[in-house]
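Down below is the structure, laid out as structure tokens.
Letters A, B, ... are given to chains in the order of the sequence lines, protein chains preceding strands, and every chain is numbered from 1. What you are looking at is a predicted structure, and each value in this text was computed from that prediction instead of being measured.
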Amino acid sequence: MEDIDFANARRSKNAGAGKVYDFSRIEKKWQKKWEQEKAFVAKEKKGKEKYYVLDMFPYPSGEGLHIGHAFVFSLGDIYARFQRMLGKNVLYPIGYDSLGLPAENAAIAAGTHPEEYTKKSIANFMKQQKAMGWSYDWSRVVKTSDPEYYKWDQWIFLKMLEKGLAYRKKASVNYCSDCDTVLANEQVVGGRCWRHGDTVVEVRPLEQWFFEITKYADELLKGHEKIDWPERAKTLQRNWIGRSEGTEIVFSVGGKGWPVFTTRPDTLMGVTFLVVSAQHPELMGLVTEEQKGAVDKFLKKLNSVSEKDAGSMDKEGVFTGSYAEHPLTGERIPVWTGNFVVAEYGSGMVMAVPAHDQRDYEFAEKYGLEITQVIEGDMGDGAYMGEGKLINSEGFDGLESREAKEHITNALKMKKKGKKTVQYKLRDWLISRQRYWGTPIPIVYCDACGVVPVPEKDLPVVLPKDVTFGKGNPLETSKSFVDVDCPQCGKLGRRETDTMDTFVNSSWYFLRYADPKNGGNLFDSQKAAYWAPVDQYIGGPEHITMHLIYIRFYTKFLRDLGLLDFDEPALKYFTQGIVKGADGEKMSKSRGNVVEPLEMIKMYGADALRLYLVSHSSPDSDFDWDDKAIGSSFTFVRRVYDYFSELKPGKSDVRVESKLHQTIKAVTADVEGFKHNLAVIKLRQLFSFISRGAVDVKTARAFVQLLHVYCPFVTEELWEKLGGKGLVSLSKWPEVDEKKIDQKLEAAEEAGEKTVKDILHVLGFVKEKTGNEAEGVHVYVMPAELKWFDAAVLSERVKVPVSVWSVADKKKVDPEGKSKKAKPGKPGIWVR
RNA sequence: GUGGGUAUGCCGGAGUGGUCAAACGGGACGGACUCAAGAUCCGUUAGCUUAGUGCUUACAGAGGUUCGAAUCCUCUUACCCACACCA
């Protein structure tokens, strides 16, 4: 065969030199070794500082790991390895968020049971996770689909119920007809299902279970002070919780009191109409006979507008025919209904002050409603939204907004027509799902006893196998599950068929890792107290408003049960960026830009993949995958391997030592701060420095240790070759010896680099001018700097023989007097 | 609309007051080694200029602060993310 097999050629070239970087052999070898030696199994050790690193556990899909997983989990692993090498007692566990809709859907599509599907997916995940070299404690794996796990979800539910935090309520809920289930507010994206972007979410009234998370709203806000999270994550949560202080004012309509929330009670005397949400459940109660036709027509029109356009719709409304009574003046105020009032926020009715609220202003203009200015200010082109001195407000005239808020609220309070109050955007957490693959809600409905909780001793309520998948909730098709005796009276009752939102499962899993096999309790409080809270949590920004709020809520609740003595689950949190396809688009199968970690491991090895993932850019920013760039990471790893596996140790000179310690110092800080891109650069620089000259074993080992957090496999191999004791994984992180960092040497190095450049520059000129190749170069340096310059190294760099002279040397050859040009740090140069 | 973020050379991206024509990687180009290489090594990569120099123009745009700005402030523009009329 005449065709050249390049891959083979590369191999054989390596082989000829006797140094093949056979990454797949190396990676398998160390994977096995770590497992055999139980290297990463964590045990509570009194007196040793613990450190808990946690990645958000994955949802095990049948497709296996994607490149995003490879990226985040590598970040966690780097951190865990780092902390371990710093001597901390590290807990770095992994588990599977294995309940959830996708498994159920995929199982239905594939004609299997979700349990089968999940089992296979998890096995596949594990294989890949091990291939990536992530240093998990595999003895603590937690699977949320395991009845021994979700038993405790049910237990917590019962506690919530006991404490009055779990309740049932008929609610207009978001219903996705594709999922055949109800969605939480957080799962509705722009009026559409978060999983089915094409499906418009319907609003249906259903009897649902809720957790009263709003009870903790204030604490969730205050807790931010205690935790070291990115500011934008906190801001996002703050806005999500959306606390606003204001006044609740009761307007009476037809003898019935209608509370209205406002942050601007100072504008009360400027109220000229009220607007009730068009989606308000009690709207029709306000509509008079004469107006019924108009309101119906209006509602019909609203319904015909698709959700998509509803957002950009103009403010519209219609008079209900009713009048409210102003709480202070008793004046008659018309009540309108409008499309711009949010039904679920506050009471679903607002007081309109067109002079001082832009939305109200537009509405009033449109329908010719009265506009009364009550705050001094410029109303040139619309409402004056600022604060200021009150006018046209009877007894309150002359007050500043701030005092007026107090006075008016007090006046209302005296008349029992209002009070100071706080509103949140955060709603209670709707946990009911009409699906199979979730935690069954431990409740029995009994004709005689009503809603009866399943007694603790009967937990877990296990998902039945005899179900039929199809439309609706499969649990309803299991007679053995539904038909159950009432725990109270013993008569036949009916089991709750709703299951819990999967975010329930992930709200306390970090605690279960502390004691994953406990059969008698959620966890052992001692063990939890030892490991928790999480010291460093890592996961995507998409979880900030859902999971990261729920997990904080659960932690506070468990604390209130007396199970924990802390109230924040994660002290530090790091959000990584998104890995996008080479085309800059989000990776997706339909775009065909998906990169498979396994493919990359096959081609370049896990070490190169890991190194590439963190060296591209700062881990908290998004980045586009680049096929070519991973090649350079591979090349680097291979060179490192080639160099150190054949190392003939010599003596490190002082410059290498200085450089090493400088690098240790910088890399330590970079790894600590997740600045891996910068750390990698420094490691590359150190390597090219080292590999130019001689190093001793100690230095070589230190380099290998620094690189280890990024490339765990190849560094284990090299550590062994360099005669390191035990595993690098468990070795002690190199310590900085400040004394060895010599600024003068740094200056020397810099001078050397500059000189190389200068010589090359001059050589270029000479060639240009004379057309001849230079025969040699003389370098004249300051006497004190003589030791900085090595003729052999310079010759090698500039590819022309170089001789180095001290300017003070009487015997120097210097026909053109170039030595006179020499300055400190900048030698004279003569080319012959 | 509100809140948050980003804007750097051919590209990806470092860099948060002077040591910056700006790390590192990719690409391109030139050279070395080679029968040859997609392998390795060494360079160049704003323009003009120069025996290693100097100047000009540069970090989205326009202003400003400062002895001095990619870096701080203001406004504008574009893009990204979240929330979407929260009273």
Side-chain angles (χ1 to χ4, degrees), chain A residues 4 6-7 9-14 186 189-191 230-240 242-244 246-247 260-264 267 274-275 277 310-315 338-353 356-360 362-363 385 423-426 541-542 544-545 578 582 584 612 615-618 620-633 635-636 638-639 642 675 677-678 680-682 684-685 750 754-766 768-769 796-799 816 818 821 826-831:
Chain A
I4 298 169
F6 287 112
R10 192 172 72 190
R11 257 184 97 79
S12 58
K13 176 140 194 229
N14 265 335
E186 291 87 334
V189 181
E231 219 30 67
R232 57 190 171 126
K234 289 191 194 176
T235 306
L236 210 56
Q237 287 203 343
R238 212 174 294 126
N239 293 343
W240 189 266
R243 181 181 205 274
S244 52
T247 302
V260 154
F261 177 75
T262 181
T263 52
R264 292 296 302 273
T267 63
L274 299 183
V275 188
S277 169
S312 54
M313 238 177 114
D314 267 356
K315 285 163 192 48
N339 64 342
F340 65 99
V341 177
V342 179
E344 295 86 28
Y345 183 77
S347 62
M349 186 190 266
V350 299
M351 62 179 222
V353 186
H356 305 293
D357 183 286
Q358 190 58 30
R359 291 157 305 186
D360 299 346
E362 286 169 27
F363 196 82
M385 312 268 280
Q423 273 291 329
Y424 299 93
K425 281 197 239 178
L426 185 74
E542 70 274 21
I544 293 171
T545 50
I578 302 163
Y612 170 63
S615 51
H616 186 275
S617 63
S618 176
D620 55 2
S621 56
D622 297 354
F623 82 91
D624 301 343
W625 180 265
D626 184 345
D627 273 327
K628 286 175 193 132
I630 189 177
S632 111
S633 293
T635 304
F636 175 68
R638 204 198 63 230
R639 271 187 215 162
D642 287 352
K675 293 180 177 163
N677 51 332
L678 303 180
V680 171
I681 289 166
K682 282 158 198 155
R684 277 175 176 258
Q685 285 169 340
E750 210 172 294
K754 272 199 176 140
T755 304
V756 167
K757 281 212 160 156
D758 286 346
I759 295 172
L760 288 167
H761 193 166
V762 177
L763 284 173
F765 279 119
V766 171
E768 219 173 88
K769 273 197 170 170
E796 170 63 27
R797 292 288 298 280
V798 304
K799 307 282 185 202
E816 291 183 24
K818 294 289 187 194
K821 293 197 110 179
K826 193 170 167 66
I829 297 164
W830 175 59
V831 174

Query raised in the report: Rounded to the Å, how far apart are A:Leu426 CG and B:rA82 C1'?
Result: 16 Å
Report task. Check whether any side-chain N or O of A:Ser277 sits under 3.5 Å from a backbone N or O of A:Val341 as a donor-acceptor pair, and report yes or no. Result -> yes
Query raised in the report: What nucleic acid atoms does A:Gln685 come within less than 4.0 Å of, heavy atoms only: base, sugar-phosphate, or nothing?
Result: sugar-phosphate
Requested in this report: Please work out if A:Leu236 contacts a base, only the sugar-phosphate, or nothing of the nucleic acid, heavy-atom cut-off 4.0 Å.
Outcome: sugar-phosphate
Query raised in the report: Between A:Arg243 and B:rC86, does any side-chain N or O lie under 4.0 Å from OP1 or OP2?
Result: no
Requested in this report: Describe the nucleic acid contact of A:Pro230 in one word from base, sugar-phosphate, nothing, applying a heavy-atom distance below 4.0 Å.
Outcome: nothing
Query raised in the report: What is the distance, rounded to the nearest whole Å, between atom CZ of A:Arg232 and atom P of B:rU6?
Result: 9 Å
Report task. Using the C1' atom as the reference point in each nucleotide, state the distance between B:rC20 and B:rG68 in Å, no decimals. Result -> 13 Å
Query raised in the report: Of the nucleotides B:rA14, B:rC85, B:rC24, which one has an atom closest to the side chain of A:Ser618?
Result: B:rA14
Report summary line: Of the listed B:rA14, B:rC85, B:rC83, the closest approach to the A:Trp240 side chain comes from B:rC83
**Report entry** Sub-4.5 Å side-chain heavy-atom contact between A:Met349 and A:Leu274
**Finding:** yes
Query raised in the report: How many Å lie between CD on A:Glu231 and C1' on B:rU6, as a whole number?
Result: 18 Å
Report task. Report yes if the side chains of A:Ile544 and A:Arg232 come closer than 4.5 Å at any heavy-atom pair, otherwise no. Result -> no
Requested in this report: To the nearest Å, give me how far apart CG (A:Asp758) and P (B:rU50) are.
Outcome: 18 Å
Report task. With the side chain of A:Tyr345 defined as its heavy atoms from C-beta on, choose the nearest nucleotide among B:rC86, B:rA14, B:rA82. Result -> B:rC86
**Report entry** salt bridge (Lys or Arg N to Asp or Glu O under 4.0 Å) against A:Arg684, all qualifying residues, sequence neighbours excluded
**Finding:** none
Report task. Mind calculating the distance between CE (A:Met349) and C1' (B:rC86) to the nearest angstrom? Result -> 16 Å
Query raised in the report: When all nucleic acid strands are considered with a 4.0 Å heavy-atom cut-off, which category describes A:Thr635: base, sugar-phosphate, or nothing?
Result: sugar-phosphate
Protein N or O to nucleotides 43-46 of chain B N or O, pairs below 3.5 Å:
from   : atom 1 : to       : atom 2 : distance (Å)
B:rG43 : OP1    : A:Arg797 : NE     : 3.4
B:rG43 : OP1    : A:Arg797 : NH2    : 2.8

Query raised in the report: Which whole number of Å gives the distance between the P atom of B:rU2 and that of B:rG25?
Result: 44 Å
Report task. Name the nucleic acid region contacted by A:Val680, choosing base, sugar-phosphate or nothing; use a 4.0 angstrom heavy-atom cut-off, strictly under. Result -> nothing
Report task. Remember a base hit wins even if backbone is also touched, and classify A:Asp357 as base, sugar-phosphate or nothing at under 4.0 Å, heavy atoms. Result -> nothing
Query raised in the report: Phosphate oxygens OP1/OP2 of B:rG4: is one of them under 4.0 Å from a side-chain N or O of A:Arg238?
Result: no
Query - Phosphate OP1/OP2 of B:rG26: any A:Ser632 side-chain N/O under 4.0 Å - result: yes
Query raised in the report: Ignoring hydrogens and angles, does a donor from either the side chain of A:Lys315 or the base of B:rC85 sit under 3.5 Å from an acceptor on the other?
Result: yes
Query raised in the report: Taking the side chain of A:Leu678 as heavy atoms from C-beta outward, which of B:rA14, B:rC24, B:rG52 is closest to it?
Result: B:rA14
Report task. For A:Lys675, look at atom NZ and say whether over 12 heavy atoms of other residues, nucleotides or ligands are found less than 6.0 Å away. Result -> no
Query raised in the report: Hey, are the side chains of A:Arg639 and A:Asp642 touching, using non-hydrogen atoms and a 4.5 Å cut-off?
Result: no
**Report entry** A:Phe261 and A:Tyr345 aromatic ring geometry - parallel, tilted or perpendicular at 30°/60° bounds
**Finding:** perpendicular
Requested in this report: Please tell me which of the listed nucleotides, B:rA51, B:rG12, B:rA23, lies nearest to the side chain of A:His616?
Outcome: B:rG12
Query raised in the report: How long is the gap from NZ on A:Lys315 to CZ on A:Phe340, to the nearest 0.5 Å?
Result: 7.0 Å
Query - Atom-pair distance (OH on A:Tyr424; P on B:rA87), nearest Å - result: 13 Å
Query raised in the report: Between A:Ser618 and A:Asp620, what is the shortest heavy-atom contact and its length?
Result: OG-OD1, 2.7 Å
Query raised in the report: Any side-chain heavy-atom pair from A:Asp758 and A:Ile829 closer than 4.5 angstrom?
Result: yes
Requested in this report: Could you tell me whether A:Val260 contacts a base, only the sugar-phosphate backbone, or nothing, with contacts defined as non-hydrogen atoms closer than 4.0 Å?
Outcome: nothing
**Report entry** Under 3.5 Å: donor-acceptor pair, side chain of A:Asp360, backbone of A:Val353
**Finding:** yes
Report task. Just compare B:rA87, B:rG3, B:rA23 and give me whichever is closest to any side-chain atom of A:Asn239. Result -> B:rG3
Query raised in the report: To the side chain of A:Ser617, which of B:rA51, B:rG15, B:rG13 is closest?
Result: B:rG13
Report summary line: Considering only heavy side-chain atoms of A:Lys425, the closest of B:rC86, B:rU40, B:rA23 is B:rC86
Query raised in the report: Closest approach of A:Arg264 and A:Met351, non-hydrogen atoms and distance?
Result: O-CE, 3.8 Å
Report task. Remember a base hit wins even if backbone is also touched, and classify A:Gly828 as base, sugar-phosphate or nothing at under 4.0 Å, heavy atoms. Result -> base
Requested in this report: Measure from the side-chain heavy atoms of A:Thr235 and tell me the nearest of B:rA39, B:rG3, B:rG25.
Outcome: B:rG3
Report summary line: A:Phe340 atom CZ is separated from B:rC85 atom P, nearest whole Å, by 12 Å
Query raised in the report: When we call it a touch if two heavy atoms are under 4.0 Å apart, what does A:Ser244 touch: a base, just sugar-phosphate, or nothing?
Result: sugar-phosphate
Report summary line: Side-chain contact check for A:Asn677: nearest option of B:rA14, B:rA87, B:rA23 is B:rA14
Query raised in the report: What stem regions, each of at least 3 consecutive Watson-Crick or G-U pairs below 3.5 Å, can be found for RNA chain B?
Result: B:1-7 with B:77-83, B:10-12 with B:24-26, B:27-32 with B:40-45, B:46-48 with B:54-56, B:60-64 with B:72-76
Query raised in the report: Where each residue is assigned the nucleotide of RNA chain B containing its nearest heavy atom, which of A:Ala629 and A:Gly242 is assigned the position nearer the 5′ end?
Result: A:Ala629
Query raised in the report: Could you give the CZ-to-P distance, from A:Arg359 to B:rU2, as a whole number of Å?
Result: 12 Å
Requested in this report: Determine: side-chain N/O of A:Arg639 to OP1/OP2 of B:rA39, distance under 4.0 Å, yes or no.
Outcome: no
